Asks: 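So that we are looking at the same thing, I have put the structure below in structure tokens.
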Number of protein chains: 2
Amino acid sequence: MTKPTADQIATLGAAFEAFVRRYKLAGAGTSDKPLNELDVQTLLFVLRHPDSGPTDIARFLGLPVTTISSATDRLAKSGMLERHRIEGDRRAVALRLSEDGAKRARSHVEAYNSLNRMMLERLAPAERDAFIGMVTKIAYDED
Amino acid sequence: MTKPTADQIATLGAAFEAFVRRYKLAGAGTSDKPLNELDVQTLLFVLRHPDSGPTDIARFLGLPVTTISSATDRLAKSGMLERHRIEGDRRAVALRLSEDGAKRARSHVEAYNSLNRMMLERLAPAERDAFIGMVTKIAYDED
DNA sequence: GCAGATATGACGAACTTCGGATTATTCAAT
DNA sequence: ATTGAATAATCCGAAGTTCGTCATATCTGC
């Protein structure tokens, strides 16, 4: 198979860099004081998997449980997360989002969608499916 | 102009997520103990702009100067960065990479290129320029 | 020369990650 | 039932980070 040229690689890399730099600054979005990345990931995971425990999150994110414990602690303290003792196994904790936390998590999902929408809008309608197809191929192709 | 469909947005978002998750774990690469993100960015900036000062880096990265000072301090202490007092303005410091730092920085550039190369290799040769073109359009289009 | 701007560095407060010990439970095997 | 190992989560504290405030050296224009 033909190899990509150095020029192609460089052009692509430059474009990604430009994109990232541009939309990092525009990132913050809403008013609330920004959460750190781990807390956001935690929130999003609990949104998708209600009633899971710290261990599940740790396994998913590939981080030590104590780190997740700190994160859930912060989030609980700021009222975005609730810890429920569950019957059946009283060691375990079932994490759930408070209304506030859910709102916050949904707003992150919304921001993510907006970013993706914006990207697609910059392409001609006819190009969009081709682009999505290529990104999909890149993301899921086996080695 | 036709709007992207919710389905298109979701598919694209899922692909990006899969991609990021997949290549975050494979990330570390070489043996050396990994630098934190700020230190890497600092190294790369100095590679591209030798003899610049902390203030330049701070402006470029949009961070407080003191933060950059900490970073250059760490890098100098671990022998990747040299501070030179420059004639002409003796307040200023000219930052340069040591041989070790340059090696390190180049290895990051190389890793970045490899990632981009790998992405292109997953596409058919005929698709590559189209992909690069779309990404370029997305990255640089004015609003 | 001097006042005020400028480039850095020193210091310390607040916050994070994460290893090691601790507590509470459950499970397994006698 | 009893005990010993495994398991879920948290507590505690060390090490490292960001970044505001203050101090220091140096320029620059009047």
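Because the structure is predicted, anything quoted here is derived from the model rather than measured. These values consider heavy atoms only, across backbone and side chains, with no hydrogens, waters or symmetry-generated copies. Proteins come first, then strands; the chains are lettered A, B, ... in the order of their sequence lines, and each starts at number 1.
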Asks: If we only count heavy atoms from C-beta on, is the A:Glu127 to A:Phe131 side-chain gap below 4.5 Å?
Replies: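 No - every pair of side-chain heavy atoms lies 4.5 Å or more apart.
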
Asks: Please list, chain by chain and in numerical order, all residues satisfying side-chain contact (heavy atoms from CB on, under 4.5 Å) with A:Ser78, sequence neighbours excluded.
Replies: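 A:Met80.
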
Asks: Is any side-chain heavy atom of A:Arg104 less than 4.5 Å from a side-chain heavy atom of A:Leu35?
Replies: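 Result yes, sub-4.5 Å side-chain heavy-atom pair found.
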
Asks: Using a cut-off of strictly less than 4.0 Å between a heavy atom of the residue and any atom of DNA chain D, enumerate the qualifying residues of residues 63-90 of chain A by number.
Replies: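 Close to the strand are A:Thr66, A:Ser69, A:Arg83.
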
Asks: Of all of residues 47-60 of chain B, which get a heavy atom below 4.0 angstrom from DNA chain C, listed by number?
Replies: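 Close to the strand are B:Gly53, B:Pro54, B:Thr55.
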
Asks: Does the side chain of B:Thr5 come within less than 4.5 Å of B:Ile9's, by heavy atoms?
Replies: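 Not touching, per the 4.5 Å side-chain cut-off.
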
Asks: State whether a side-chain donor-acceptor pair under 3.5 Å links B:Glu110 with B:His108.
Replies: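 Absent: no donor and acceptor within the cut-off.
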
Asks: Between atom CD in A:Glu37 and atom P in D:dT18, what is the gap in whole Å?
Replies: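 One finds 15 Å between P of D:dT18 and CD of A:Glu37, rounded.
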
Asks: Can you find a pair of side-chain heavy atoms, one from A:Tyr112 and one from B:Phe16, that are under 4.5 Å apart?
Replies: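 Heavy-atom side-chain distance check passes, below 4.5 Å.
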
Asks: Is there side-chain contact between B:Leu47 and B:Val109, with heavy atoms separated by less than 4.5 Å?
Replies: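 B:Leu47 reaches B:Val109 side chain to side chain.
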
Asks: Can you check whether B:Asn36 has a side-chain N or O nearer than 4.0 Å to OP1 or OP2 of D:dG16?
Replies: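 For D:dG16, neither OP1 nor OP2 has a side-chain N or O of B:Asn36 closer than 4.0 Å.
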
Asks: Sort me out a list of protein N/O and nucleotides 4-6 of chain D N/O pairs below 3.5 Å, or just none if empty.
Replies:
none

Asks: First and last nucleotide of DNA chain C touching chain A, 5' to 3', heavy-atom cut-off 4.0 Å?
Replies: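 Reading along DNA chain C, I get C:dT16 to C:dT26.
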
Asks: Using the side-chain contact (heavy atoms from CB on, under 4.5 Å) criterion, which residues pair with B:Ala102? Sequence neighbours excluded.
Replies: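 Applying side-chain contact (heavy atoms from CB on, under 4.5 Å) to B:Ala102 gives B:Leu97, B:Glu99, B:Arg106.
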
